[in-house]
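Every heavy atom of this structure was used, including side-chain atoms; hydrogens, water molecules and symmetry mates were not.
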Amino acid sequence: MDIEKLKKRCGYDGKPQQWQYGFDLACRELEKHSKQPQWISVKDKLPKEKQWVLIVVRCSDYFNVEQGMYRGDGRWMNCWCANRHNDLYPVTHWMPLPESPTKECE
């Protein structure tokens with residue numbers, strides 16, 4: 001998204017200061033949201049085989065977020081709900097794990 005082009009297109013410089021503040025705030029929020037990883041439905045795409053990811057598991061009336069590995073055969077492993085009851089508690093969404101920290105913990 002080219003913010004400067006958008007500013008020119010909507011007449012940013014001629015708008016009141018309050019309007020500009022709201023515009024800038026909305027742009028910052030959009031930028032933050034666009035950088036966040038998004039959940040991927042298992043209906044749309046599956047991770048690579050033996051790839052560690054975060055998963056959403058439907059456990060009865062609630063959803064649980066866990067770390068798991070896709071085995072490549074439609075099953076998941078090394079996660080509590082999905083490992084024990086793949087059919088009863090299906091994985092619905094996944095996303096790649098975030099980058100590891102680069103600094104040592106203090």
Side-chain angles (χ1 to χ4, degrees):
M1 170 174 34
D2 188 346
I3 301 298
E4 293 307 313
K5 282 184 182 178
L6 189 56
K7 282 182 175 181
K8 287 179 185 176
R9 190 170 160 198
C10 68
Y12 179 90
D13 291 330
K15 302 286 185 186
Q17 187 177 6
Q18 257 186 316
W19 187 93
Q20 291 177 349
Y21 175 78
F23 180 90
D24 293 340
L25 180 62
C27 288
R28 283 193 301 274
E29 289 300 312
L30 282 171
E31 187 177 354
K32 275 196 300 188
H33 180 72
S34 67
K35 290 180 182 177
Q36 292 177 340
Q38 303 296 313
W39 289 107
I40 302 165
S41 171
V42 295
K43 292 178 183 176
D44 296 336
K45 182 180 175 184
L46 290 168
K48 296 175 189 170
E49 287 184 33
K50 298 183 181 174
Q51 177 184 359
W52 284 98
V53 295
L54 289 177
I55 60 174
V56 175
V57 180
R58 183 177 180 98
C59 297
S60 301
D61 294 335
Y62 65 93
F63 291 89
N64 197 28
V65 176
E66 305 175 359
Q67 183 176 345
M69 182 193 301
Y70 181 63
R71 289 186 0 183
D73 59 358
R75 301 203 112 354
W76 300 82
M77 60 185 284
N78 295 335
C79 48
W80 185 84
C81 275
N83 194 34
R84 288 166 179 72
H85 309 288
N86 266 289
D87 299 325
L88 292 176
Y89 302 121
V91 174
T92 62
H93 293 79
W94 67 277
M95 76 167 62
L97 290 173
E99 298 267 335
S100 297
T102 55
K103 291 184 178 182
E104 289 187 34
C105 295
E106 295 179 13

Which atom pairs, one a donor and one an acceptor, fall under 3.5 Å between side chains of residues 6-21 and the rest of the protein, sequence neighbours left out?
unit_1	atom_1	unit_2	atom_2	d
Y12	OH	D24	OD1	3.0
Y12	OH	D24	OD2	2.7
Q20	NE2	Y12	O	2.8

For [X] and [Y], work out which heavy atoms get closest and say how close.
X: P96; Y: V53; result: CA-CG1, 4.3 Å
X: Q38; Y: M95; result: O-CB, 3.7 Å
X: V91; Y: V42; result: O-CG2, 3.4 Å

#### Entry: Pairwise distance CG(L54) to CD(Q67) - rounded to 0.5 angstrom
6.5 Å
### Message
Once rounded to the nearest 0.5 Å, what's the spacing between atom CH2 of W76 and atom CE of M69?
### Response
11.0 Å
### Partners meeting side-chain contact (heavy atoms from CB on, under 4.5 Å) with K45 (sequence neighbours left out)
I40, W94
### Task
Just jot down the salt bridge (charged side-chain N to carboxylate O under 4.0 Å, His left out) partners of D73, sequence neighbours excluded, or say none.
R71
